[in-house]
Amino acid sequence: MDPVIDLESGGTTSEEDAPPKEIVSESQQSRKLFGGVWNGFLGIDGSARGLDAVNNSCNSPASSVDDNGEFRGQESVGLLEKRLDVEKPKKKGSKKPPKPPRPPKGPLLDAADQKLVREISELAMLKRARAERMKALKKMKASKTSSSSSSCSSVFAMVVTVLFCLMLILPDRTVVFDVEGTLLRSTNTFHYFMLVALEGGALFRVLLLLLLYPLICFVNEEVGVRVMVMVTFFGMRRSGFRFGRSVLPKHFLDDVGLEGFEVLREAKGRVGVSCLPEEMVEGFLREYMEVEVVVCRRLKVVGGFYVGLMEGDHGRGRGLGLSGVGLGDVAWVGSSKKAALHHVFTQCKRRPKPLIFHDGRIAFKAEPLPTLAILIWVPFSLLLSLFRIHVALFVPYNLSIPIFAFTGMKWRLKNPNQNQTNDLKGQGQLYVCNHRTLLDPIYVSASLNGGGVRAVVYSVSRFSELIAPIKTVMLTRDREEDRRRMESELRSGRGLVVCPEGTTCREPFLLRFSPLFAELTEEVVPVAIKVHVSTFYGTTAGGFKSLDPVFMLMNPFTSYKVEFLEKVKTTTGGGSSIDAANHVQGVIGRALGFECTSLTRKDKYMILAGKSGK
Ligand SMILES: O=P(O)(O)OC[C@H](O)CO
């Protein structure tokens, strides 16, 4: 193949074309190149080819290298070397051919030609220098990348090694660990304080925390925590603070790193040391991480109100409750390089104890930027909520559904063609669904194109009842009265939606199904419902229930999946209504992949609000 010579470059620039070192050294290259230029074309050696020869050499490279391998033209060095490469093996085996006669010497070039050739050679030098610079830069870049990735992988390798060692030595030991440094993945605790401020509904605390965020980042951890405690808790009533058990555990659990969790699981005993106030972190550590002793400071209280300060030392943790434990039985797990470690922690999906109930309105991680975005979003979301309520009330189903979808409320429906009349007695069909939000019956009704379906509700606010686009039947928790009300609805031939859990559950669990529905009819249609909200929870145990629909409809995005399952006979097996209710619970649980429990509404309200929830 004919090689191509780049006149403009006067040499090779790409790495592929660069000469192998063992053939021609760089100084040799330039010597040959420029020597060749002067000797070959400028006729110093007596040749008379002039610029025509330069032009010809583009198409006829052979003319620029003589048979002795001597450079005769302004060839690319790469070309010369390629030729040498090819010719070398031949020379080994064969005798060196006699030198051909030198070409006749021609007249010297005139000044203009000389200038042009000089310019060409200067250009070649510049190009080569640039190529060298590019090469050096590339090398530097490559070495930088490999050093940063190697530092990252070395931190990871270090963590894995330390974890492995810990797992070997921990089974017989009590582990004293730094909660923020080894268990949680977040690099700071700001979003926990912000969450408390948001849930408390105090806008000035939220704004002040946001304003102080740069300062909090700048000062050391201890000072930062003290500032956040002051802003978040000053003047808050002690008796009203339940977030440590009802709201924060969910957010802490989402933040647990798998690596720290694995280490703790192996230990015989666990002592958690935290810089956060005991009121915030203790519930999570004891209830969900099986930590026996929590070492942290309590918030100071004066006259039933927090004053925004913490006790001076980790007083309540003193002694660690480790009496009888020898020093050799205790291992400390902590890190002075928290920031480095947090980057290699992976999210832990497993939990020693499942979290079934949690409260609060905030469904996002309250970092500064998302919080700021939500604050800006709130006025618009209130308008959006109002708009959606109006659509639900005044626009027919077939029109309202696309409008809702357009405003961010996604809805997926499976097997909706259910006849609303019971096959067996001609009475209304009973739809039994799991309970995620107070919109569940509305979605079931919408799936059936309305058709006069009614919803059985318990303990919903007057406001929710007023704005509901379907008729509601309020239960009283008097079994006979409730039976009478539901039977009369079914007798009228209308479909009836019932949520036998009696309360909503946000996590993938089903509460016990109250068996009353199984005593009213011989067949029911189980309906499986899954919901996702992006920003706010539309349910509450300890807050204002009237705001449930407002918060639900303030979400920029929600997704609802409604699946109508095969009809179930409540008389199958001749068992009791309790068996039938458990059977329906199992059918829905399997369809959703949720775990069935025997927990009740009362359990939920006792855990989250400290009351029975009647
Ligand atoms: O507020 P919840 O979560 O107890 O749910 C109330 C229900 O909508 C009862 O029908």
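Note that these values count all heavy atoms, side chains included, but never hydrogens, waters or copies made by symmetry. Counting convention: from 1, in listed order, for ligands and their atoms alike.
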May I ask you to list the atoms of ligand 1 that are less than 4.0 angstrom from any heavy atom of V460?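 Listed by number with element: 8 (O).
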
Relative to the heavy atoms of K604, which atoms of ligand 1 are at a distance of less than 4.0 Å?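 This gives 3 (O) as the contact atoms.
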
Under a 3.5 Å cutoff, is there a donor and acceptor pairing between the side chains of D548 and T539?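 Side-chain D/A pair, D548 to T539: absent.
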
Test: R601 and E501 ion pair at under 4.0 Å: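 No, no charged N to carboxylate O under 4.0 Å.
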
I'd like to know if R484 and E480 make a salt bridge, using a cut-off of under 4.0 Å between side-chain N and carboxylate O.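 Salt bridge: no.
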
Measure up the F252 and F284 rings against each other and bin them: parallel (under 30°), tilted (30 to 60°), perpendicular (over 60°).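 The rings of F252 and F284 lie parallel, inter-plane angle below 30°.
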
Identify the protein heavy atom lying closest to [atom], giving its residue, its atom name and the separation to 0.1 Å.
atom                   : value
atom 7 (C) of ligand 1 : H435 NE2, 3.2 Å
atom 9 (C) of ligand 1 : Y458 O, 2.8 Å
atom 1 (O) of ligand 1 : K545 NZ, 2.6 Å

Examine K611 relative to Y605 and say whether NZ or CZ is less than 6.0 Å from the centre of the six-membered ring and inside a 45° cone about the ring axis.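 Judged by the rule, K611 and Y605 form no cation-pi pair.
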
Does T503, backbone or side chain, put an N or O under 3.5 Å from an N or O of ligand 1?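 Yes; at least one N/O pair falls below 3.5 Å.
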
Classify the contact between T504 and ligand 1 as side chain, backbone, both or neither, using a heavy-atom distance cut-off of under 4.0 Å.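 Under 4.0 Å from ligand 1, T504 contributes backbone and side-chain atoms.
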
Which heavy atom of R242 sits nearest a heavy atom of M606, and at what distance?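 Heavy atoms of R242 and M606 come nearest at NH2-O, 4.1 Å.
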
